[in-house]
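What follows is a set of notes on a single structure, which appears directly below.
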Amino acid sequence: AAQDKLPFKTVSLNAFPNHAKNYQNFVIDTKGHPDPETLQELCDECDVLILPTSPNFADVTAVIDTFKKVQQAKAKSKVLFTKVKPGRGGLVNSDLTNAQEALDDEGIPYFQTSIPELVCLARCIGAGVIVRDYKDGKSPDAWLAHCNLGKEIING
């Protein structure tokens, strides 16, 4: 964001109160595993709390614990699988399937859209642009995943 190339406004959390009144929708990105006070504040104020996780076992276990805390706060939340590696031979990644089954067993909702693990997603950050504007052969795939996620969020 410091490169001022993004097609939207970004501000620090400290500056946020001065800008919030100018926007109808906004996204707050926090550090992973926020402390209980921060988590409660987020639950109290958000329309939907997105809990990102990779599909690996340790991360899924952690997001299940976090979801239970969020559920106690009565916040609407959903898990988002990120850094999803492609499956072998065009099949779905077995880690993702196992992770989804674990969440199903716990009754935890998750987005049908997942964010693939693509180098362009890391590199666009360094370039200071959104993935749609990053020149890479896989950028259209990454952008499509984010667009699909946006539709899923809007449609509930």
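Index from 1, following the sequence.
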*Heavy atoms of other groups near K83 NZ, more than 12 under 6.0 Å*: no
*Ignoring hydrogens and geometry, is there a side-chain-to-backbone donor-acceptor pair from T53 to D59 under 3.5 Å?*
yes
*Using a side-chain heavy atom cutoff under 4.5 Å and only I, L, V, M, F, W and Y, what cluster partners does L121 have?*
L6, F8, V48, I50, L80, F111, I115, L118, I130, V131, W143, L149, I153
*Please check if the side chain of N155 supplies one atom and the backbone of K151 the other of a donor-acceptor pair under 3.5 Å.*
yes
*CG of D29: more than 12 outside heavy atoms within 6.0 angstrom?*
no
*Hey, is the main chain of T82 close enough, under 3.5 Å, to the side chain of E117 for a donor-acceptor pair?*
no
*So do the side chains of D44 and E41 get within less than 4.5 Å of each other, counting heavy atoms only?*
no
*L49 and L51, any side-chain heavy atoms less than 4.5 Å apart*: yes
*Quick one: does L103's side chain get under 4.5 Å of F67's, heavy atoms only?*
no
*Check whether any side-chain heavy atom of D141 sits under 4.5 Å from a side-chain heavy atom of P116, and report yes or no.*
no
*So, the side chain of T66 versus the backbone of A62: is there a donor-acceptor pair under 3.5 Å, distance only?*
yes
*Decide yes or no for K9 and Y23: does some side-chain heavy atom of the first lie under 4.5 Å from some side-chain heavy atom of the second?*
yes
*When you look at CG of D47, are more than 12 heavy atoms from neighbouring residues, nucleotides or ligands closer to it than 6.0 Å?*
no
*Kindly give the heavy-atom pair with the smallest separation between L39 and K69, and that separation in Å.*
CD2-CB, 3.9 Å
*Nearest heavy-atom pair of E152 and K78: which atoms, and what distance?*
OE2-NZ, 4.2 Å
*Step by step, would you call E106 with K68 a side-chain contact (heavy atoms from CB on, under 4.5 Å)?*
CA-CA 10 Å; E106 295 287 335; K68 289 177 181 177; 3.6 Å; yes
*Non-hydrogen side-chain atoms of V11 and H19 separated by less than 4.5 Å*: yes
*Is any side-chain heavy atom of I108 less than 4.5 Å from a side-chain heavy atom of V63?*
no
_Residues clustering with V27 (ILVMFWY side chains joined when closer than 4.5 Å, directly or via others)_ = none
_Under 3.5 Å donor-acceptor, D95 side chain and P55 backbone_ = no
_Checking one residue: V119. Which other hydrophobic residues are in its cluster under the side-chain 4.5 Å linking rule?_
none
_Student check: side-chain heavy atoms of Q100 and F81 closer than 4.5 Å_ = yes
